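Encoded as structure tokens, the structure appears first; notes follow it.
Numbered from 1 within each chain, the chains take letters A, B, ... in sequence-line order. Quick caveat: nothing in here was measured; it's all calculated off a predicted structure.
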2 protein chains.
Amino acid sequence: MSKHPPAVDVEALCCSPLMRRPLSADESTELARMFKALADPVRLRLLSLVASHAGGEACVCDLTDAFDLTGPTISHHLKVLREAGLIDGERRGTWIYYRVRPAALGALATVLTASALPERVGT
Amino acid sequence: MSKHPPAVDVEALCCSPLMRRPLSADESTELARMFKALADPVRLRLLSLVASHAGGEACVCDLTDAFDLTGPTISHHLKVLREAGLIDGERRGTWIYYRVRPAALGALATVLTASALPERVGT
DNA sequence: AGCTTGTTTCGATGCCTGTCTATGCAAGGG
DNA sequence: CCCTTGCATAGACAGGCATCGAAACAAGCT
């Protein structure tokens, strides 16, 4: 498992909240890639299982029982999350332990955050 | 255009940050639906154009020139955003003006936000 | 009523994606 | 070396989705 995860240009993302100015085509493509990784119920549940697991990490063996899916499907989903830069994996013997990358999630959260604009009254 | 937009259970979402406990199947389905609406570059750019437009709103006529796409495609994307509860539309004469729903985006941001957990050193 | 402008909906189409089975790779032990 | 366990990859397939052109709907004007 690589010590150099997929490049997530966190700095660029954290300074481009989508509510302040139009996103460029490049920014929107990169953000869409990350949101797409989150746009599946199984992947969201995998992410939350990993993040909330004891020690902040979980091996694949901790994850598969929570789903009525085969191992290859779980592997595929973990790969999508990993390639989107949302999780990292580390091999320990036979097992692979995954961790969430909080900075990547935080960057997405920042992009979605308005400057405390209230929702329009009466909408 | 309905005064009662699609129900976004904002309260339920805001209290279920995915990093603190495993998401339920229902929660993950609802979140995935919203993230899926954001998982397209055109829709992200539409959202940012609407949000950053003067007055915090934009009519479809303000949006279509920014894309090399047909009107029906823009309408389709706006519909996806609307049905995901991320924007609202209001008809004014011939025109329809769209606004972002900050509370919905804020709820997503909150879900993604960890309690300031630093990224693991050395990952 | 007809006409114009703005927007949405419908249906077709090519591309994308979640899931499975089969297979391959990695690590550990004898 | 072989065997076992754990996990990832490859390929097929059915369902989903972005896009278009055609059609329909909404609003305003004469």
Handout entry: Shortest non-hydrogen separation from Leu44(B) to Ala32(A) and the atoms involved
Key =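 So the two residues come closest at CD1-N, 3.3 Å.
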Handout entry: Which atom of Gly85(B) lies closest to which atom of Ala104(B), heavy atoms considered
Key =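 Closest pair (atom of Gly85(B), atom of Ala104(B), distance): O-CB, 3.4 Å.
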[N] OP1/OP2 closer than 4.0 Å to side-chain N/O of [X]:
X	N	answer
Tyr97(B)	dT7(C)	no
His77(A)	dT17(C)	no
His76(A)	dG18(C)	yes

Would you kindly give the [atom1]-to-[atom2] distance between [X] and [N], to the nearest whole Å?
X	N	atom1	atom2	value
Asp68(B)	dA18(D)	CG	C1'	14 Å
Leu38(A)	dT17(C)	CG	P	14 Å
Glu83(B)	dT9(C)	CD	C1'	11 Å
Leu78(B)	dG6(C)	CG	C1'	13 Å
Lys79(A)	dG18(C)	NZ	P	13 Å
Asp65(B)	dT7(C)	CG	P	11 Å
Ile96(A)	dA27(C)	CD1	C1'	10 Å
Ile87(B)	dT8(C)	CD1	C1'	13 Å

Please table the atom pairs, donor to acceptor, closer than 3.5 Å between any side-chain atom in residues 72-80 of chain B and protein atoms at least two apart or in another chain.
{"from": "Thr73(B)", "atom 1": "OG1", "to": "Thr70(B)", "atom 2": "OG1", "distance (Å)": "3.1"}
{"from": "His77(B)", "atom 1": "ND1", "to": "Arg43(B)", "atom 2": "NH1", "distance (Å)": "3.0"}

Practice task
Could you check whether Ile74(A) gets within reach of a base, just the sugar-phosphate, or nothing at all, counting any heavy atom under 4.0 Å?
Solution key: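 The answer is nothing, as Ile74(A) stays clear of every strand by at least 4.0 Å.
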Roughly how far, to the nearest 0.5 Å, is [atom2] of [Y] from [atom1] of [X]?
X	Y	atom1	atom2	value
Leu31(A)	Asp40(B)	CG	CG	12.0 Å
His53(B)	Asp62(B)	NE2	CG	3.5 Å
Tyr98(A)	Glu57(A)	OH	CD	12.5 Å

Handout entry: Where protein sits on nucleotides 21-30 of chain D, one letter per nucleotide: B base, S sugar-phosphate only, - none, heavy atoms under 4.0 Å
Key = BB---SSS--
Problem - All side-chain contact (heavy atoms from CB on, under 4.5 Å) counterparts of Thr94(A), not counting sequence neighbours - result: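 Applying side-chain contact (heavy atoms from CB on, under 4.5 Å) to Thr94(A) gives none.
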Exercise for the section: Give, ordered by number, those residues of residues 41-48 of chain B having at least one heavy-atom distance below 4.0 Å to an atom of DNA chain D; if nothing qualifies, reply none. Expected result: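 Contacting residues: Arg43(B).
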Practice task
Please tell me which of the listed nucleotides, dC20(C), dA8(D), dT7(C), lies nearest to the side chain of Leu69(A)?
Solution key: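 Side chain of Leu69(A) sits closest to dC20(C).
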Practice task
Would you indicate which nucleotide in dA18(D), dT8(C), dA8(D) comes nearest to any side-chain atom of Tyr98(B)?
Solution key: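 Nearest to the side-chain atoms of Tyr98(B), counting from C-beta on, is dT8(C).
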Handout entry: Carboxylate-amine/guanidinium contact Asp88(B) Arg99(B), below 4.0 Å
Key =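 A salt bridge is absent here (no side-chain N lies under 4.0 Å from a carboxylate O).
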Could I get a table of every N or O pair under 3.5 Å where one atom is in the protein and the other is in nucleotides 11-16 of chain D?
none

Problem - Closest-nucleotide ordering on DNA chain D, the 5'-leading residue of Asp62(A) and Asp40(B) - result: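 Taking each residue's closest nucleotide, the earlier one in sequence belongs to Asp62(A).
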Problem - Hydrophobic cluster (4.5 angstrom, side-chain heavy atoms) - remaining members for Tyr97(B) - result: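 When side chains under 4.5 Å apart are linked, the cluster holding Tyr97(B) also contains Trp95(B).
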